[in-house]
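Take a look at the structure set out below.
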Amino acid sequence: MAIEVSGLIKRYGDLTAVNGVDLSVAEGEVFALLGPNGAGKSTTVEILEGHRASTAGTVSVLGMDPETGGRQYRERIGIVLQETAIEKELTVREAIDIYAALYPRRRPASELIDIVGLHEKSDSRIKTLSGGQRRRLELALGIVGDPDVIFLDEPTTGFDPSARRQAWTVIENLSSLGKTILLTTHYMDEAQALADRVAVISGGEIVARGTPDTIGGRDDAAVVISFTLPPGTAPPGLGEVVDEAGRYSLEAPAVTQRLHQLTSWALDRQIELESLTVEKPSLEDVYLELTGEANDG
Amino acid sequence: MGERTSNLQLIWQQIRYQNKIFWRTPIAAFFTIVFPLMFLFVFVTLFGNDTISELGVTTAQFYAPALAVFGAVSATYTNLAIGTAISRDEGILKRVRGTPLPPWIYMAGRVGSSVWVAFIAVVLMLAVGVLLYGVEIYLVSLPALLVAFAIGVACFASLGLVVAAFAPSGDAAPAIANATLLPLAFISDIFIAPSDASPGWLAAVGSVFPLKHFAVAFSDGFSPIEKAARDGWLDHFHWKEYGIMALWLVGGVILAIRFFTWEPRGGERKRSSRKRAKTAAEA
């Protein structure tokens with residue numbers, strides 16, 4: 001295991017930010033820690049990064065304790081913090097060179113600039129970069145020491161959709177190099193796209209874990225058929241429920257049969273089933289259910 | 001595994017890169033280098049470059065070393081206080097803490113760069129004084145000057161890091177640094193020549209702080225009276241002034257090590273507001 005955490009607890013005074021977290025991440029795996037703000041995911045990651053001491057529990061990354069691993073430990077990890085923090089007066093290439101010098105294993109600046117796609121900006125001052133470009137530079141600095149384990153704390157927060165796709169490609173490339181990646185995010189599509197396994201953390205505890213496709217019983221959950229009807233049409237009476245917007249939904253354990261019943265009913269009456277969809281609950285649905293945020297948003 | 005860069009090389013690289021950042025921050029370069037020179041022009045223009053009767057030296061002969069000290073203190077104390085506090089606000093210190101760079105090397109880079117800038121500020125001030133206003137440097141006290149410079153910049157670098165440690169934010173740091181340095185400069189023989197007319201208690205207050213001792217020890221090399229009074233170069237060493245600055249240096253180092261933090265203060269604020277939100281949600 002590249003990362004092993006058991007019984008991790010972190011208290012700030014009377015506030016328990018992390019309350020008994022267990023995690024294990026295999027070498028080469030991409031693991032996503034999901035959770036709302038304040039759920040304890042950043043605290044957990046910061047303990048793994050060596051930025052914070054734990055209150056109780058054991059943490060081992062690459063066989064070392066991040067709290068006491070010091071220089072040797074930091075030579076083998078890469079950190080991308082939640083907020084971009086780079087000296088704005090430097091150019092992209094200067095920043096990469098300066099940070100590369102801190103590591104015994106160094107990736108050449110030109111290769112990193114390639115990976116994160118900042119060729120045109122390589123000799124520009126960092127203060128002239130857009131938010132997305134700075135974030136990608138931050139990614140480059142996170143891997144400048146050719147780390148074995150990479151921590152990405154909300155790597156794409158504040159990105160526009162195209163910048164997010166580019167960052168995903170970068171992360172996928174890193175993963176294909178065999179790096180172990182621990183990622184926190186509150187974007188479900190990000191977890192779905194990148195992670196081999198996910199864990200949902202809420203109130204300082206892990207409430208569910210699994211692959212993006214199976215977590216929270218997603219794979220066993222019933223398929224939901226949903227549709228809308230023209231105004232004034234009586235519903236088919238197959239056990240469907242209707243929401244305030246007039247959209248009907250129908251849980252269907254035997255989806256083929258149910259769909260057949262529904263479409264036959266509609267054909268008989270020459271009713272058009274507008275915006276018919278057949279879906280499993282999305283990762284987002286499961287996440288909202290698990291974190292109890294469904295009603296807040 | 002490749003080879004680690006040696007610590008010495010890392011220190012050198014850190015100094016160079018802090019230096020690069022300093023010269024690319026026009027406001028810092030202006031206040032450290034140009035500002036003291038402007039004072040010199042203003043004072044000499046205002047008072048004329050005649051001999052100040054109480055001191056027996058010309059205006060420039062008094063002000064060039066005094067303002068050189070002021071420049072050196074700006075380069076170390078003010079710049080380290082502001083620059084470090086801003087870097088902490090921006091999360092740069094936290095990022096550095098997550099790399100293998102030993103924290104002391106990072107600090108050595110910052111301090112080393114500020115001392116280099118202080119050296120440039122001093123040399124420039126003295127060069128302008130000598131070339132434009134006929135300032136004389138007495139070579140016999142040059143070793144004493146260098147010692148005063150070394151202890152002085154070390155002392156004010158440590159105090160700058162103390163201000164950075166206690167400043168609640170990067171915005172507050174300039175206010176704290178200037179509100180402490182500028183009034184002190186008026187009672188420390190920097191902006192105003194020592195005179196019998198000023199009340200004794202004010203001079204006594206000035207004597208508590210290290211700035212006056214820096215100015216006194218440094219100005220020795222520009223005083224014909226001092227030159228006439230002492231023979232050997234070692235006689236020009238100001239042990240009392242060095243000692244008081246060294247005490248402040250030790251105090252500064254202890255406080256800076258004890259209270260310095262690498263995390264942005266905002267992180268703690270965010271955490272406590274989260275905590276409040278959580279408490280409110282549970283209530």
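Proteins come first, then strands; the chains are lettered A, B, ... in the order of their sequence lines, and each starts at number 1. Bear in mind that the values here come from a model prediction, so they are computed numbers and not experimental data.
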* Asked: Of the backbone (N, CA, C, O) and the side chain (C-beta and beyond), which part of B:Gln9 lies under 4.5 Å from a heavy atom of chain A, both, or neither?
  -> neither
* Could you check if a side-chain atom of B:Thr5 sits within less than 4.5 angstrom of a side-chain atom of A:Arg106, using non-hydrogen atoms only? => yes
* Asked: Quick check: does any side chain N or O of A:Arg74 sit under 3.5 Å from a backbone N or O of B:Arg97, one acting as donor and the other as acceptor?
  -> yes
* Asked: Is it true that A:Glu87 and B:Arg95 make a salt bridge, defined as a side-chain N closer than 4.0 Å to a carboxylate O?
  -> no
* Counting only heavy atoms not in B:Phe119, do more than 12 fall under 6.0 Å of its CZ? -> no
* Asked: Taking atom CG of B:Leu101 and atom CG of A:Leu102, what is their separation to the nearest 0.5 Å?
  -> 5.0 Å
* salt bridge (Lys or Arg N to Asp or Glu O under 4.0 Å) between B:Arg16 and A:Glu94, worked out -> CA-CA 11 Å; B:Arg16 285 192 45 192; A:Glu94 282 169 347; over 6 Å; no
* Asked: Using non-hydrogen atoms only, which part of B:Gln13 is less than 4.5 Å away from chain A: side chain, backbone, both, or neither?
  -> side chain
* Asked: With a cut-off of 6.0 Å (strictly less than), are more than 12 heavy atoms of other residues, nucleotides or ligands near CD of A:Glu27?
  -> no
* Could you tell me whether B:Leu8 atom CG has more than 12 heavy atoms of other residues or ligands within 6.0 Å of it? => no
* To do: Name the option with the most non-hydrogen atom pairs under 4.5 Å to chain B; the candidates are A:Leu141, A:Val144, A:Val80, A:Ile79.
  => A:Leu141
* Would you mind checking which part of A:Leu81 comes under 4.5 Å of any heavy atom in chain B, side chain (CB onward), backbone (N, CA, C, O), both or neither? => side chain
* Asked: Would a 4.5 Å heavy-atom cut-off, applied to side chains only, mark A:Glu46 and B:Lys94 as touching?
  -> yes
* Under 4.0 Å between a Lys/Arg side-chain N and an Asp/Glu carboxylate O for B:Lys20 and A:Glu89? -> no
* To do: Check whether B:Ile92 gets within reach of chain A through its side chain, its backbone, both or neither, counting any heavy atom under 4.5 Å.
  => both
* To do: Answer yes or no: are there more than 12 heavy-atom neighbours, outside B:Ile27 itself, under 6.0 Å from its atom CD1?
  => no
* Shortest non-hydrogen contact between B:Gly98 and A:Tyr103, atoms and distance -> O-OH, 4.5 Å
* Tell me, yes or no, whether the heavy-atom count around B:Trp12 atom CH2, taken from other residues, nucleotides or ligands under 6.0 Å, exceeds 12. => no
* Asked: Can you check whether B:Pro102 reaches A:Arg71 side chain to side chain, under 4.5 Å on heavy atoms?
  -> yes
* Asked: Does some side-chain heavy atom of A:Arg105 sit less than 4.5 Å from a side-chain heavy atom of B:Arg4?
  -> no
* To do: Output the distance between atom CD1 (A:Ile98) and atom CG (B:Leu10), rounded to the nearest 0.5 Å.
  => 11.5 Å
* Distance (rounded to the nearest 0.5 Å) between A:Lys88 NZ and B:Ile86 CD1 -> 8.0 Å
* To do: Identify which part of A:Tyr99 has an atom lying under 4.5 Å from any heavy atom of chain B, answering side chain, backbone, both or neither.
  => side chain
